[in-house]
Structures are given as C-alpha cells and as structure tokens.
Amino acid sequence: MPVDTMPTPAAAKAPSSGKPVINDFSIQVATANGSGSQSSNNVLLRSILQMGIPVSGKNLFPSNIQGLPTWFTIRVSKDGYIARRKVSEIFVAMNEETIDSDITDLTPGNVLIWNSDLRRTVKRDDLIEYPVPFNKLSWEACPDPKLRKLVTNMVYVGVVVHLLGIEIAECETALKKQFKSKQKAIDLNLNAIKFGVDWAQKNLVKKDPYRVERMNKTAGQILIEGNTAAAIGALMGGVTVCTWYPITPSSSLVESLIDLCRKYRKDPVTGKTTVAIVQAEDELASIGMVLGAGWAGARSMTATAGPGISLMSEFVGLAYFADVPGVIFDVQRVGPSTGLPTRTSQGDILKAATLSHGDTKHPMLIPASVQEAYQFAQDAFDLAEQVQSVVFVMLDLDLGMNFWMSDPFPYPTKPLNRGKVLTKDDLDRLGKFERYRDVDGDGIPYRTLPGNPHPLAPYFTRGSGHNEKAQYTERPSDYRNLMNRLAKKFETMRDMVPAPVIEADPKAEIGIIAYGTSHWATVEARDQLRAQGVPTAYLRLRGYPFNSQVAEFIDKHPRLYLVEQNRDGQMQSLLSLDMPQYATKFRPIRHYTGNTLDAAFIVENLRAQEKGGHLGETQWFGPRGH
Amino acid sequence: MATTTPAQPPPPPPAAPAPQKKMNRLGLPLEHYTGSVSTLCSGCGHDSITNAVIRAFFDYGIEPHRVAKLSGIGCSSKTPAYFLGRSCGFNAVHGRMPAIATGAVLANRNLIAVGVSGDGDTASIGLGQFMHMVRRNVPCIYIIENNGVYGLTKGQFSATADEGSASKAGHVNDQPPMDCCALAINLGCAFVARSFSGDAKQMQAMFKAALAHRGTALLDIVSPCVTFNNHEGSTKSYKYAKDNDVPLHEIGFVPFFENIAVDYEPGSTKEVTMHDGSRVLLRKLDRDYDPTNRLASIQLLEEARTQKELLTGIFYINPKAPDFTEQLHLVAEPLYDLPVERVRPPKPVLDEIMKGYM
C-alpha cells in the first residue's frame with residue numbers, strides 16, 4: 001500500500017487477542033487493477049451494510065486499465081465514521097507485485113490474510129497471519145480457466161466472510177445487486193464465496209479479535225457514488241443539453257446520466273428523447289456547446305476535471321462577460337498537469353473561482369456528501385439561470401468515485417427556477433427592453449431567448465465591449481459600468497449559493513473551517529479532540545461567494561484552522577481576498593498526497609500548531625507559514 | 001364658436017405618391033433584413049457577402065426572429081452585426097463558432113443557424129471544431145469569408161493562402177493551402193459550395209439553396225481583403241479571382257413557395273429537389289457534372305487543385321442526409337422550453353432509482 005509521506009500517528013495498538021473488537025476496524029485488500037476485485041470488494045461492502053453496520057469503501061487505483069496495483073479499503077464503524085483511516089487492521093494480500101512492500105508497511109498486531117501461492121520474501125513475526133493458497137483453491141472452485149481470475153477474488157471474500165462472521169445470506173443478496181439478473185454469474189460467484197468459507201472453516205483457526213455483529217444503523221440506506229448522485233440530480237433538475245469529453249474522474253457522471261436518460265427521458269409515445277447528450281471533440285467544444293445551449297435557453301451542463309477546466313478558460317470568461325448560463329461539474333483530481341489522474345484533491349478551487357483572463361469570478365457549489373451532490377446538481381441549474389452565469393459544482397474523486405452510505409434522496413419540491421426571461425407577452429407589456437440594464441438593482445439583467453418573435457427581443461451577444469443595449473462600445477465609462485454591474489451581481493450571489501453549515505460550541509476557542517470531502521475526517525477529528533478535552537466549533541463551506549456568516553465565524557474564534565486538500569491553501573486565498581482583515585489569522589491544515597484525508601492527520605496537525613510546534617516536512621506553507 | 005357637432009379631423013393633405021416599396025412573401029420590406037453600418041474597409045469583399053445574405057433571406061421570406069447568427073473572431077466574424085438586425089446574434093471566441101452554433105440548435109431546433117467564420121477562424125484555430133461540426137451534420141449555414149489573410153492583425157497568411165502567393169510585405173507563402181470544400185466533402189458534408197464575393201448572383205442563389213438544405217451547408221466564399229491581400233502576386237485579389245473564376249454551372253433556384261415550371265433542354269440542366277421542396281437548377285456550362293455524386297466531387301476538386309483553378313459552384317448536395325437533431329432522436333419540440341413534467345421524471349421514478357441502490 002502506498003504509505004503517506006506524512007508522519008504516521010502513534011501506531012495503533014495491537015488489541016489483546018482475548019477481547020473482541022466488534023464493528024470497528026478497517027480491511028484493506030491489495031489486488032491488481034482489472035482483475036475483477038472491484039466486484040468482490042463491493043460484495044463485501046454491501047454485505048456488511050446489509051447487516052445494519054455503517055461502512056464506507058475507498059478505492060485507491062492506478063491510472064491504468066489492467067495490471068497495476070490497486071488497494072481497496074473498507075471501513076467498518078459502529079459510530080458511523082466514514083472517513084479513511086490511516087491504519088487498516090486487516091490486510092488481504094493478493095498482488096504479487098506489492099506483497100513484500102505491503103507486508104513491510106503493516107503495523108505490528110495487524111491481521112494478514114495472504115495468498116500463499118505468491119512469491120513472498122518478507123518475514124514478520126509480529127502479525128496475525130492466515131496463509132491461504134488462493135490459486136490452488138480457485139482451480140478447484142472454477143474449472144473454467146477464463147473465469148478463474150475473477151473467481152479467485154470471490155474466494156478471498158469467502159475467507160473474510162468466515163473470519164469476520166459476515167452472514168452468507170447477505171453475500172447472496174449483495175451478489176444479486178452486483179450482477180443484477182445474471183443468474184449464471186450469481187451462481188458462479190456465490191459458489192466461490194462458499195468454497196472460500198468452507199475451506200476457511202476446515203483449515204483456519206481464528207486468532208484475531210475482529211468481527212462483525214448485526215446492528216440496525218443502516219436500515220433504508222442507499223450505497224452510491226457521488227458521480228451517480230450528481231447525475232440523478234441533473235436528471236431531476238431538468239437538464240436538456242449535456243456535452244462532455246471523457247476524463248477521469250468525471251466520466252462516470254455523464255455515463256450515469258446517459259443510462260438514466262435512456263430510461264427516463266424518452267417520450268413514451270414517440271420514443272424520442274427530451275435531452276441532447278453529445279460527446280464533444282474536446283473540452284473547448286463541450287463548454288462552447290454548453291454556452292450556445294444556455295444562451296438559447298436550455299439547461300445545459302458538462303462534467304470535467306482539472307485539465308478540462310484549464311481548456312475551458314477562455315469560453316468561461318466569455319460567459320462571465322456576456323451573462324451566459326451553464327453548469328460545470330468539476331470532479332477534482334490531483335494536478336498540476338496530468339498529475340495523479342486517479343487520486344483525489346481539492347486542487348481546482350482557486351482556478352475555478354477565477355477562471356479566465358481579465359477580472360472574472362464565478363460561483364461554486366461545494367458538496368460534501370452524495371446527497372448534496374444530488375441536491376446541488378439541481379440547485380446549480382436554477383442558480384445558473386437565475387444569475388445568468390457559469391456555475392461550478394466542485395466534487396472530487398473521493399466523493400465522485402467512491403461508494404457512500406446515504407439516506408435515499410428526497411424528491412424535489414421546488415419548481416424549476418428559469419430566471420429572468422422575458423417572453424413576447426412580457427415585452428408587449430413593458431414596451432422596452434435593454435439586455436444589460438440592471439433594472440432590479442441586483443446586477444442581474446433580464447434576457448430574451450433566440451426565437452422570441454417580439455421585435456424588441458433580438459440582441460447581439462459578444463465578448464467584446466458592450467453597453468446596456470448590448471451594442472459594441474469601447475467607451476471607458478461603459479466598460480467600467482459593465483464590470484461594476486457584474487461585480488454587483490456577484491455580491492447578490494452571496495445569499496443565493498448554499499449557506500455554510502455551522503456547529504457552534506460556546507466553549508470553543510478553536511474554530512475549524514473545512515469544505516467538500518474534508519468534512520468526514522473533520523467530523524471524526526473533532527470528536528477525537530473533544531475526547532482529548534479540546535472543544536472546537538466548525539463551519540463547513542458549501543458555496544462561493546461567501547455569505548456574512550463566514551466572517552462572523554472567523555471573527556468569533558481566537559484560533560482558526562482551515563482544512564484543505566491542496567498545497568497552497570486555495571480556499572484560504574479566496575477567504576483572504578474577500579476578507580483581508582483575517583488574512584493572517586488562518587492556521588492551515590493541508591493534506592496533499594492524493595490519498596483521502598484522515599482524522600488523525602487533522603488532530604496531529606492541529607495539536608502541533610496549538611503547541612506552536614513545527615510540522616517538519618508534512619506541509620509547505622511558504623514564507624508566511626505558521 | 002360653440003358647436004353641437006363633434007369636431008371633425010382636418011382632411012389629410014393630398015398624399016404624395018409613395019414609392020412602391022417591394023415587400024417579400026411575408027410582407028416585410030428589405031430593411032427588416034439589413035443590419036448596422038459596416039465598419040470594415042471600404043471595398044471589402046465581406047460587405048458584398050453581407051449584401052447577398054440580406055437579399056437571399058429577404059427573397060426567401062425567412063422570419064428574422066427565427067435566425068440565430070453565430071460567429072467567431074476576425075473581420076468576417078464582425079459581419080453578423082451588419083445583416084439581419086432583427087435576428088439575435090452571438091459573436092463567440094476565436095475558432096469556436098461551431099460549438100456555440102451546435103449548442104444553440106440543440107437547445108432550439110427551430111432556429112435557422114447562420115455561422116460566419118473566416119479562413120483563419122476556420123482553417124487554423126478552428127479547424128477541429130469545423131471538422132466535427134461537419135461530421136455531425138449540425139443544421140447550420142456555415143459561411144467562410146475566405147481572403148487568405150488575417151485582417152485584424154494586419155496581413156499574416158492564413159492556412160488557405162495558396163502556395164506561392166505573395167503577402168503585401170513581399171513574403172511568399174511556401175506552405176500548401178487547406179481546401180475547406182475538399183475537407184468538408186471528405187467528412188461527409190451534404191452541401192458544399194464555393195463562390196466569389198464579386199459574383200452576387202451566384203452567391204444569392206447559393207444562399208437560397210443553403211436555406212433549403214437541412215444539415216451543415218458549407219459555403220466557402222473567396223472574398224478579397226482590399227487592405228492586405230489585393231496586390232499583384234496575391235491569389236486572393238479581386239483581379240486574380242475575376243481572371244481565374246471558373247463557374248462550374250449556372251445556379252437557378254425555385255423556392256418551394258413558387259410553383260413555377262422551368263423549361264430547359266434535356267441534358268442541359270441538373271435539377272436537385274431540396275429538403276423543403278425547393279429546387280436547385282444547375283445549368284451546364286463547359287462540362288457535365290452531377291453534384292449528387294460524391295466521388296465525382298472529390299475528383300473535381302482534386303483536378304481543380306492540380307490545375308490551380310478557382311472553381312466555383314455547388315460541388316456536392318445530398319438532401320437526404322440526417323442532420324444532428326435527427327441523429328440524436330430529439331423530440332420535435334425545442335428542448336429549451338419543454339414543460340417541467342417532460343424534463344423532470346415523476347416521484348415513482350426517483351423511488352425506483354433509489355431502490356436500485358439500497
């Protein structure tokens with residue numbers, strides 16, 4: 001497993017073997033990419049969830065289709081924590097390429113289930129080991145050599161099922177979910193699991209304390225990826241044009257939408273579709289189509305990641321300058337450049353907020369959960385049309401591509417908000433129309449759509465200088481007025497983007513600010529700090545521009561920590577630009593390894609800074625660092 | 001003076017005989033198709049194209065509000081401001097008109113999209129988008145106002161400049177030109193034509209034929225730049241174009257709303273019935289040519305290239321190719337104003353989706 005270059009927290013103590021540890025541990029499985037391990041891991045994940053136990057899964061995978069090492073972590077947490085933990089108590093070693101380094105990195109006391117048919121040279125005497133001849137077993141379990149590799153991974157599911165006490169009936173239910181109605185696949189895989197269980201029963205003696213026990217904490221919960229959740233949101237948000245260019249980790253968002261629209265956005269009578277989904281030639285074209293469609297009145301969207309955001313820069317500036325709506329889902333990955341395409345970060349925050357040349361700023365919605373991904377997807381379409389602007393929905397790989405537990409999503413109750421669009425009748429009534437006049441004093445002008453037959457309706461949209469009547473101009477006052485109107489529009493958005501979520505604590509001198517997927521580790525870190533006698537208050541940002549609650553929160557707490565998953569403190573930059581009076585107040589906690597954030601990292605870093613301690617090489621803060 | 005009878009309005013003064021204004025079939029005057037005053041150089045070929053567009057749309061009787069004018073960046077891309085002032089327009093970013101046009105027609109398939117681009121905007125920075133728009137057959141009249149130079153940046157060669165053509169500064173272009181017509185035919189474009197801005201009659205007929213077509217209609221119009229590319233040694237000057245223009249045929253057009261029988265000698269004219277029922281009549285000049293034969297069009301353009309001939313005419317038409325909205329199986333109504341019940345599935349659908357993830 002790749003080890004963080006960050007300092008490890010105090011090594012987890014090996015539990016005394018006598019005392020059982022129930023529903024509170026992590027399992028990590030090392031396999032090769034493309035070996036079908038994703039199905040096996042999902043079956044394990046679902047089986048535990050179906051036993052009523054809170055669970056989360058994180059896939060750490062390479063930028064590769066087949067062969068390179070992959071690690072999947074399942075966290076079982078009776079208390080409902082779903083952030084990654086740095087240490088996994090149980091390790092399943094199935095990949096010859098990494099078996100030695102994986103075993104070297106294990107913490108004393110860990111449980112090791114390993115494929116004894118692989119070449120292993122590293123010896124340890126401080127682990128609880130279960131050697132299993134998986135290759136041999138898969139030969140016996142599956143006579144068909146073509147399917148054998150996939151079945152091998154189901155055999156380890158069987159061994160884990162036996163050792164942890166997972167109910168086999170739940171595996172069967174999970175398999176049915178996984179393979180839908182493909183009975184042959186269900187039977188083949190179930191047999192392999194049962195084969196693993198039987199073998200373990202006969203050949204292994206339980207030496208470790210970890211096991212699961214049925215709870216009732218997950219009744220009615222769904223297990224879903226953030227990208228799928230956002231796609232369902234777009235479906236319910238009434239998207240009519242979606243253009244995209246494939247890029248990890250955003251592709252599955254649009255692919256989910258395609259599947260959903262095939263089923264649910266077809267006219268029952270004609271069989272024709274009510275949505276246009278186009279795979280464009282590149283991101284320049286995809287954003288151009290989004291804006292052409294938004295200009296003509298469609299609810300239009302694209303999904304992309306950092307490199308795509310860079311390419312969209314010029315067009316997004318045009319949208320800003322000419323008041324054109326559109327929605328961009330940015331599923332953030334590690335940059336710069338190609339970076340680590342299959343690893344997570346919050347590295348596009350500053351870029352998205354200020355994308356393009358000249359003075360530009362754009363609203364962002366920042367979901368932390370799959371439910372927010374669903375909700376904000378819908379909100380983004382409303383907001384884009386209300387404020388006639390590109391709206392960014394900032395997911396990240398961790399949210400987008402991992403499975404998360406959630407309550408089922410609620411059906412939307414609000415009607416679609418189509419913004420300030422003037423119809424022919426409106427123009428008849430008003431007798432006057434100037435495209436860029438700030439009639440309402442909120443910086444948001446009225447617009448007409450192409451095709452409106454009223455003689456007052458047509459106007460000319462341009463990325464060059466324009467006055468309130470949309471006429472070409474280079475007059476200094478016209479330019480300044482336009483820029484001021486756009487700035488005012490941005491001010492209006494402060495109370496239109498999702499408000500932050502605040503958990504106050506009157507006793508707390510410490511305030512923590514986090515956003516996006518950093519939320520889950522932050523929640524856990526706060527509980528740990530509280531247990532250590534350090535109460536904290538918490539503000540979770542959910543939108544940009546910031547509303548007044550953010551400044552109040554910063555002002556109120558003597559010591560203010562800002563948790564981010566990037567090196568340069570991109571959200572800190574935005575907060576400092578907006579509230580320069582607090583620019584030196586932020587104490588940064590920045591995680592940037594490509595791995596998802598864990599609670600221990602936050603606790604360690606916060607406590608070290610509380611003591612005025614030095615953070616060593618874990619973080620680089622530049623010359624003004626704390 | 002008191003009076004019990006209501007005051008009568010004074011009789012109107014004897015009306016001066018108003019000049020008989022010509023109206024089109026919609027009863028609209030030509031002014032409804034003009035735009036603001038051009039700011040291009042006096043004598044610019046682009047202004048002749050603008051006039052031909054105005055005339056063709058007027059004659060055809062297109063409702064101005066149904067037109068969306070799209071353009072990129074450059075001298076050519078400014079022209080949508082100079083025609084159809086009662087239509088909406090979108091002057092986008094350099095080389096990206098096709099993407100804007102594609103998005104607009106997907107949102108509202110009832111729009112008549114007119115995309116104006118230049119040779120730099122299309123063949124250099126925008127080549128990718130041009131090719132993909134053609135490949136998708138996005139319904140749009142795509143006009144390339146082709147002068148072989150960058151005008152707004154003062155006379156650099158573009159990718160359509162001919163090999164051996166000299167710039168105003170005396171440099172000779174040593175790279176081969178991009179032939180956008182040949183490229184478009186290769187990519188499956190179902191309407192490909194070339195004209196010269198000095199031939200108003202041919203341009204107008206072509207624009208009308210393009211209006212009758214459904215899908216991408218490419219019109220590559222050689223349009224001399226009087227300021228930077230109209231000198232001796234240039235192959236895109238007025239003189240060169242006039243001297244070397246070889247019309248392939250004489251183009252006649254009978255719109256669907258005029259039920260006129262046209263007599264022609266058998267074998268002298270090729271007739272093509274367009275998507276909307278209009279007819280394009282191509283009268284033979286020097287050679288037999290069938291513009292519905294794609295292979296023949298490829299050969300024709302290759303021969304013109306080797307002979308350095310400025311061939312103008314309609315090179316290829318396929319009135320039956322499905323356009324992009326058909327390929328996508330879109331509903332007949334424009335997507336942009338479908339009612340909420342057609343774009344937001346009902347609650348049982350969400351329940352069903354949620355059940356699938358439990």
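Letters A, B, ... are given to chains in the order of the sequence lines, protein chains preceding strands, and every chain is numbered from 1.
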Partners passing salt bridge (charged side-chain N to carboxylate O under 4.0 Å, His left out) against B:Arg135 (at least two apart in sequence or in another chain): none
Interface moiety of B:Leu111 toward chain A, non-hydrogen atoms closer than 4.5 Å: side chain
Output the distance between atom OG (B:Ser77) and atom CZ (A:Arg462), rounded to the nearest 0.5 Å. 12.0 Å
A quick test of your reading: do over 12 heavy atoms of other residues, nucleotides or ligands sit less than 6.0 Å from CG of A:Asp428? yes
Distance from B:Leu338 atom CG to A:Leu416 atom CG, nearest 0.5 Å? 11.0 Å
Atom group of B:Leu70 that falls short of 4.5 Å from chain A, counting heavy atoms: side chain
Criterion side chain to side chain contact (heavy atoms under 4.5 Å, CB included) on B:Leu335 and A:Arg299, from CA distance to verdict: CA-CA 9 Å; B:Leu335 297 180; A:Arg299 298 208 135 190; over 6 Å; no
Would you mind reporting whether A:Pro453 and B:Glu63 have side-chain heavy atoms less than 4.5 Å apart? no
Under the side chain to side chain contact (heavy atoms under 4.5 Å, CB included) criterion, do B:His65 and A:Lys424 qualify, and how do the steps go? CA-CA 12 Å; B:His65 74 266; A:Lys424 180 180 177 293; over 6 Å; no
Quick check on A:Lys266 against chain B: is it the side chain, the backbone, both or neither that has a heavy atom closer than 4.5 Å? neither
Spacing of CE belonging to A:Met236 relative to CG belonging to B:Leu350, to within rounding of 0.5 Å: 4.5 Å
Proximal component of A:Phe460, with respect to chain B [non-hydrogen, under 4.5 Å]: both
Proximity breakdown for B:Pro64 and chain A, heavy-atom pairs closer than 4.5 Å: neither
Rounded to the nearest 0.5 Å, how far does CE of A:Met289 lie from CD of B:Gln129? 7.0 Å
Which heavy atom of B:Cys88 sits nearest to which heavy atom of A:Trp295, and what is that distance? SG-CH2, 3.8 Å
Engaged part of A:Leu318 at the chain B interface, taking heavy atoms whose separation is under 4.5 Å: side chain
Mind listing the closest non-hydrogen atom pair of A:Ala296 and B:Ala107 along with its distance? CB-CB, 3.7 Å
Per-residue contact mode, A:Ser300 against chain B (heavy atom under 4.5 angstrom): neither
Nearest heavy-atom approach of A:Gln378 to B:Arg344 is OE1-NH2, 4.2 Å
Might you point out which heavy atoms bring A:Lys177 and B:Lys355 nearest each other, and give the distance in Å? NZ-O, 3.1 Å
If we define contacts as heavy-atom pairs under 4.5 Å, which of B:Asn110, B:Val67, B:Val93, B:Ile73 has the most with chain A? B:Val93
Using heavy-atom distances under 4.5 Å, tell me whether A:Tyr374 contacts chain B through its side chain, its backbone, both, or neither. side chain
Please report the shortest heavy-atom distance between A:Ile232 and B:Met354, naming the atom on each side. CD1-CE, 3.9 Å
B:Ile353 side chain reached by A:Phe409 side chain, heavy atoms, under 4.5 Å: no
Return the option, out of B:Pro80, B:Gly103, B:Ala101, B:Ala92, with the maximum number of heavy-atom pairs under 4.5 Å with chain A. B:Gly103
Pairwise side-chain contact, A:Leu449 with B:Asn108, heavy-atom cut-off 4.5 Å (strictly under): no
Quick one: are B:Val343 and A:Arg265 in side-chain contact, heavy atoms under 4.5 Å? yes
Neighbour count above 12 (heavy atom, 6.0 Å) for B:Glu341 CD: yes
Out of curiosity, A:Thr461 OG1 to B:Asn91 CG, how far, rounded to the nearest 0.5 Å? 9.5 Å
Between B:Tyr357 and the options A:Thr228, A:Leu223, A:Val370, the side chain to side chain contact (heavy atoms under 4.5 Å, CB included) test singles out A:Thr228
Just checking A:Arg262: does its CZ atom have more than 12 heavy atoms from other residues, nucleotides or ligands closer to it than 6.0 angstrom? no
pair B:Asp337-A:Arg418: side-chain heavy atoms closer than 4.5 Å: no
Full working for side chain to side chain contact (heavy atoms under 4.5 Å, CB included) between B:Arg136 and A:Glu281: CA-CA 11 Å; B:Arg136 295 188 181 105; A:Glu281 56 270 31; 2.7 Å; yes
Contacting region of A:Leu260 [heavy-atom separation from chain B under 4.5 Å]: side chain
Do B:Val331 and A:Thr273 pass the side chain to side chain contact (heavy atoms under 4.5 Å, CB included) test, and can you show the C-alpha distance, the side-chain angles, and the key distance before you say yes or no? CA-CA 6 Å; B:Val331 291; A:Thr273 179; 5.9 Å; no
Relative to chain B, which segment of A:Val290 carries a heavy atom at a distance below 4.5 Å: side chain, backbone, both, or neither? neither
With a 4.5 angstrom heavy-atom cut-off, which part of A:Asn452 approaches chain B: side chain, backbone, both or neither? backbone
Selection from A:Leu235, A:Val421, A:Thr218, A:Leu456 maximising heavy-atom pairs under 4.5 Å formed with chain B: A:Leu235
Picking from B:Leu328, B:Val105, B:Val349, which has the most non-hydrogen pairs under 4.5 angstrom with chain A? B:Val349
For the OG atom of B:Ser36 and the OH atom of A:Tyr472, what is their distance to the nearest 0.5 Å? 12.0 Å
Quick one: are B:Leu106 and A:Val278 in side-chain contact, heavy atoms under 4.5 Å? yes
